[in-house]
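Report on one structure; see the data block that follows.
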Amino acid sequence: MTHRDTAAAVLDQHGTTYATEAGIRVADTPAPLWQLLVLAELLSARIDAGIAVAATTELLDAGLTTPDHMLEASWQDRVDALGRGHYRRYDERTSRQLGDLATQVRDRWHGDLRRLADEADGDAGRAAALMQEFPGFGPTGAHVFLREAQAVWPWLRPHLDDRALRGAERVGLPADPAALADLVDGDDLARLAAGLVRISLLPAAEDPLPA
């Protein structure tokens, strides 16, 4: 199997982005970028990715799809939505952080993360640094957001962080972002990144690409 064949198998078997799984249609518009930011915050905690995705879906189903809607909800409303997604270990702290996150996005970026992209001016490192100014965000949360945002922000490509590169090594692909980017169409890079991350999280005994 060639590297290109392996990359195609990763896309086929594991290439669902976390945003898609959460019901977010990522686009270069304010609401879906905000929703992706919420997902990135939840995924950055030490909690099962499936729980983080389920909790994000509950928040969106509760109508908290924009910073203003998040701030209109009470702290308890947010806790309840997180609880329905079984995001219980960090629910109270995360509820506060989501309120703080919405406030910062509204006040600094006028509710539109495209302004953050403009300030980054094509520099992915600068974008990651700006994202780490958000409440509850460190490098992990920034990488989650940027991995998935490259679907609609081509200037981020290729964004494949250490976790994605570990997945690449596991299936015999080169642990180099540029080399991996050559294996798929640019519009599929977010899916490839997500697939490689999913592979990196599989149990050691599990075959990541069964025939």
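Since the model is a prediction, treat every value here as computed from it, not as a measurement.
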Can you tell if the side chain of [X] reaches within under 4.5 Å of the side chain of [Y], non-hydrogen atoms only?
X	Y	result
Leu165	Pro177	yes
Phe134	Leu116	yes
Tyr18	Ile24	no

Nearest 0.5 Å, please: how far is [atom2] in [Y] from [atom1] in [X]?
X	Y	atom1	atom2	answer
Tyr87	Leu59	OH	CG	10.0 Å
Ile47	Thr94	CD1	OG1	7.5 Å
Asp187	Gln150	CG	CD	10.5 Å
Thr29	Arg114	OG1	CZ	6.5 Å

If we count only N and O atoms by modelled type, under 3.5 Å, do the side chains of His86 and Arg88 hold a donor and an acceptor together?
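There is such a pair (donor and acceptor under 3.5 Å, judged by atom type) between the side chains of His86 and Arg88.
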Can you confirm whether the side chains of Asp100 and Gln104 place a donor and an acceptor under 3.5 Å from each other?
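The answer is no; no qualifying pair exists.
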Are Leu42 and Val197 connected in a single hydrophobic cluster, I mean Ile/Leu/Val/Met/Phe/Trp/Tyr linked by side-chain heavy atoms less than 4.5 Å apart?
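Both belong to a single hydrophobic cluster.
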Check whether Leu196 and Leu39 end up in the same hydrophobic cluster, where Ile, Leu, Val, Met, Phe, Trp and Tyr are linked by side-chain heavy atoms less than 4.5 Å apart.
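Cluster IDs for Leu196 and Leu39 differ.
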Just jot down the side chain to side chain donor-acceptor pair (under 3.5 Å) partners of Thr140, sequence neighbours excluded, or say none.
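Partners of Thr140 by the side chain to side chain donor-acceptor pair (under 3.5 Å) criterion come out as none, since no residue qualifies.
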Can you tell me if Arg147 uses its side chain to pair, donor with acceptor, with the backbone of Ala164 under 3.5 Å?
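No; zero donor-acceptor contacts below 3.5 Å.
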Tell me whether the rings of Trp155 and Trp153 are parallel (<30°), tilted (30 to 60°) or perpendicular (>60°).
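It falls in the parallel class, under 30°.
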If you draw a 6.0 Å radius around CZ in Arg163, do more than 12 non-hydrogen atoms from other residues or ligands fall strictly inside?
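It does not: Arg163 CZ has 12 such atoms or fewer within range.
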Under the salt bridge (charged side-chain N to carboxylate O under 4.0 Å, His left out) definition, can you give me all pairs with a residue in residues 6-32, not counting sequence neighbours?
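Passing the test, one end in residues 6-32: Glu21-Arg198.
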